[in-house]
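One structure is given here, and the rest of the page talks about it.
Below, each value reflects all heavy atoms present in this structure, side chains not excepted, and no hydrogens, waters or symmetry copies. Naming: A, B, ... by sequence-line order, numbering from 1 per chain.
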Amino acid sequence: MTQPESGAPDAAEARRAIEYYYEHGWTDGLPVVPVTESYLAEFLATTGRDPDEVLIPMPHLNKNLTVRLAAINAALAGCLPEYFPVVLAAWDSFLGDGMVTRSIWQSTTGTAPFVVVYGPARQRLGLNSRGNVWGSGFRANATIGRAIRLGAINGLGLKPHVFDQATQGTPAKYSCCIAENEEDSPWPSLAADNDIGPDDSAVSATVIRSVLHIEARHTTAPEQLAADFADSLCRTGALVRARASGYVVLNPEHARLFDKHGWSKADVRAAIADQGWRTYRDLARAGKEAIAGGTGWRLPADHPDARPQETPDDQNSPVQLITSVDAVQIVVAGAPNAGVSSIVETFGPFDRGPAITKVEER
Amino acid sequence: MLERAGIPAVSLCTDAFRITAEAMANQMGFPGYQYVALPHPIASRTEKEIDEMARDALPDVIKVLGAGLTYLGVTPA
């Protein structure tokens, strides 16, 4: 029988600790890192904020996510203490975004937290912004994203089958944190576009329903590329409400193609927004041509809740689904090795910029 | 919340949300809170089916409302 090497941790004791957390329901299904008071103190030491400060109030559930609870869950998620200022900035952005405090994580839609990190913290913490950016393999991405989800489960009490009523959810709920590939992008980052200085790090956050893969290796025409993204953003299955919105996560190759043709990021957003429509016929085929009076949801024109509307003479007339460039945000991420990008489907915002918070380090 | 403000109320939800309804009652310090569970789903039913559901649920609604009024010290008319 092999003896453990000198100084190696006691694996049996570690397993007992891990099982203890499972027994209390304090996990997302994967093992968590045991947290002691002294380890928690290392997280809290990275910020000047009061441990009792409320980051996310949830009065209808009698819950508040405090700085302390956020730190405990960051530690459980496997974050290193130095990641914690990024986690805090993410929570601040979720508060600013507004969807979480409107109970979206209790909804049957089953949204995941989506976090993007910008600036020097990416290198300092080892956040991946390049190849396999959505995939696994990078501690900072995996654990910062997971810290949010565990904070929701343990801090806000949003456990699946109880207060989290997601019909199916999404795999992104385990963790969904990427970094912008600022080095390979021809443009300033989304943070720079939103007045974050070049020496500062920042975090944007919102809730998402899905990440769609876009295969577009076929063209060198920027107009065609923009049309391809617009089509996916405006798929009928994405339409709950009247309008569509999302992030386009452009790989650097696509970003450079636009740039080579003289298109700025604003030009790309405007082109995608401009092409963000479907025909009335397309919408009617899926029974989403009308809008409900109360909820504002899409439904068939003959539904009793539908607002009265005229059927257009030409059923091929366009119905604009993206009505503002604010509904189309662009982040550059991934490897510059193929024409593969992605669409991140959000719940808006439709008419204002993303929630971005500067990372404050002690 | 309405009942705590002295306004008689009946909560309705479909049976798909029973676990959440009971968890919510516990969370708000009101374990055993009575509500009326309707058959799921709602969204894909016709207007006629919804009317039938409402008719079928009415005795339960009145029962819970009566219990609420008794709790508040009001005698139902």
Would you mind telling me which of A:His60, A:Gln165, A:Gln106 has the largest number of heavy-atom pairs within less than 4.5 Å of chain B?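 The candidate making the most pairs under 4.5 Å is A:Gln165.
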B:Glu47 versus chain A, heavy atoms under 4.5 Å apart: side chain, backbone, both or neither?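 B:Glu47 touches chain A through side-chain heavy atoms alone.
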Can any side-chain N or O of A:Glu310 pair as donor or acceptor with the backbone N or O of A:Pro312 at less than 3.5 Å?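 No: the side chain of A:Glu310 does not pair with the backbone of A:Pro312.
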Would you say A:Asp28's side chain and A:Leu30's backbone share a donor-acceptor pair under 3.5 angstrom?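 Between the backbone of A:Leu30 and the side chain of A:Asp28 there is a qualifying donor-acceptor contact (under 3.5 Å).
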Check whether NZ of the Lys or CZ of the Arg A:Arg149 lies under 6.0 Å from the centre of the six-membered ring of A:Tyr174 and within 45 degrees of that ring's axis.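 No.
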Is the gap between the ring centers of A:Trp91 and A:Phe84 under 6.0 Å?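 Not under 6.0 Å, so no.
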Go through the atoms of A:His161 and report whether side chain, backbone, both or neither lie under 4.5 Å from a heavy atom of chain B.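 Backbone only.
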